[in-house]
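Report on the structure given below.
Predicted model only: the values in this text are computed from it and were never measured. Hydrogens, waters and symmetry mates play no part in the numbers below; they use all other heavy atoms, side chains included.
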Amino acid sequence: PAPLHIGLTMTFKAGSAILGGQIVSFAATGVSRSVIPATSSTGAPIGVAAHDIASGAEGTIYMQGTVCKIMLSADDGTADAGDWIGVSTVAGCGIVRDPAIQAHDTIVGLQNAIGLALDDITAGAATVGGTGYILIQTSCPVCAAS
């Protein structure tokens with residue numbers, strides 16, 4: 001994740017193996033302070049793993065206010081600085097979110113934003129997504145598509 005600024009951090013237990021730089025959310029098992037790589041079908045994202053964390057081990061999670069590098073899913077294309085980034089169907093990877101439909105997405109079970117892109121993120125190639133820096137901000141404007 002190569003942090004440029006470290007905001008809030010906390011230690012969490014890995015519910016499954018986590019790679020450094022992956023977006024994480026609470027594990028669906030209901031275990032206190034247990035996180036897993038986030039996907040569009042897990043709970044709301046809470047941060048980004050600071051380093052690799054083995055399943056069952058504890059590790060540092062970068063949270064609100066941290067600036068760090070994440071990877072977009074390979075099929076997501078690009079992001080512009082200022083885009084909201086959420087989680088994709090690919091574990092631990094981001095996707096550009098349209099803030100105008102954020103409220104609708106949340107209602108139908110998709111995820112809240114993990115942060116705001118600080119860089120223009122170019123597309124990746126094949127199975128590797130583009131990488132860029134985000135400001136972790138797990139609350140975004142509540143808007144509705146018209």
Are any non-hydrogen side-chain atoms of [X] and [Y] less than 4.5 angstrom apart?
| X | Y | value |
| --- | --- | --- |
| S88 | S40 | no |
| V96 | I121 | no |
| Q64 | T138 | yes |
| M71 | T131 | yes |
| P3 | Y62 | yes |

Q: Check the pair Q137, W84 against side chain to side chain contact (heavy atoms under 4.5 Å, CB included), reporting the backbone distance first and the verdict last.
A: CA-CA 9 Å; Q137 186 172 333; W84 285 102; 3.7 Å; yes
Heavy atoms only: give me the nearest [X]-[Y] pair and the separation to one decimal.
| X | Y | answer |
| --- | --- | --- |
| A17 | S55 | N-CB, 3.7 Å |
| G20 | P1 | C-CD, 4.0 Å |
| P37 | A91 | CB-CB, 3.9 Å |

Q) Apart from L4 itself, what residues make up its hydrophobic cluster when side-chain heavy atoms of I, L, V, M, F, W and Y under 4.5 Å apart count as a link, directly or indirectly? A)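 The other cluster members (ILVMFWY side chains, heavy atoms under 4.5 Å, direct or chained) are V67, L118, Y133, L135.
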Measure the spacing between [atom1] of [X] and [atom2] of [Y] and express it to the nearest 0.5 Å.
| X | Y | atom1 | atom2 | value |
| --- | --- | --- | --- | --- |
| R97 | I114 | CZ | CD1 | 12.0 Å |
| T89 | I95 | OG1 | CD1 | 7.0 Å |
| E58 | K13 | CD | NZ | 7.5 Å |
| I61 | I46 | CD1 | CD1 | 6.5 Å |

Would you say [Y] ends up clustered with [X] if hydrophobic residues are merged whenever their side chains have heavy atoms under 4.5 Å apart, either directly or through other cluster members?
| X | Y | value |
| --- | --- | --- |
| V24 | L72 | no |
| I136 | I85 | yes |
| L8 | I70 | no |
| I53 | F12 | yes |
| I23 | I36 | no |

Q. Which residues satisfy the side-chain contact (heavy atoms from CB on, under 4.5 Å) test with L19, sequence neighbours excluded?
A.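 Result, side-chain contact (heavy atoms from CB on, under 4.5 Å) vs L19: Q22, D52.
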**Q.** Set of residues satisfying side-chain contact (heavy atoms from CB on, under 4.5 Å) with respect to T122, sequence neighbours excluded
**A.**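 None.
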Q) Is a side-chain N or O of T66 found less than 3.5 angstrom from the main chain of G7, in a donor-acceptor match? A)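 Confirmed, T66 side chain pairs with G7 backbone.
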(Q) Could you check whether any side-chain N or O of D80 sits under 3.5 Å from a backbone N or O of D120, counting only pairs where one atom can act as donor and the other as acceptor? (A)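 Checking the backbone N and O of D120 against the side chain of D80, no donor-acceptor pair under 3.5 Å is found.
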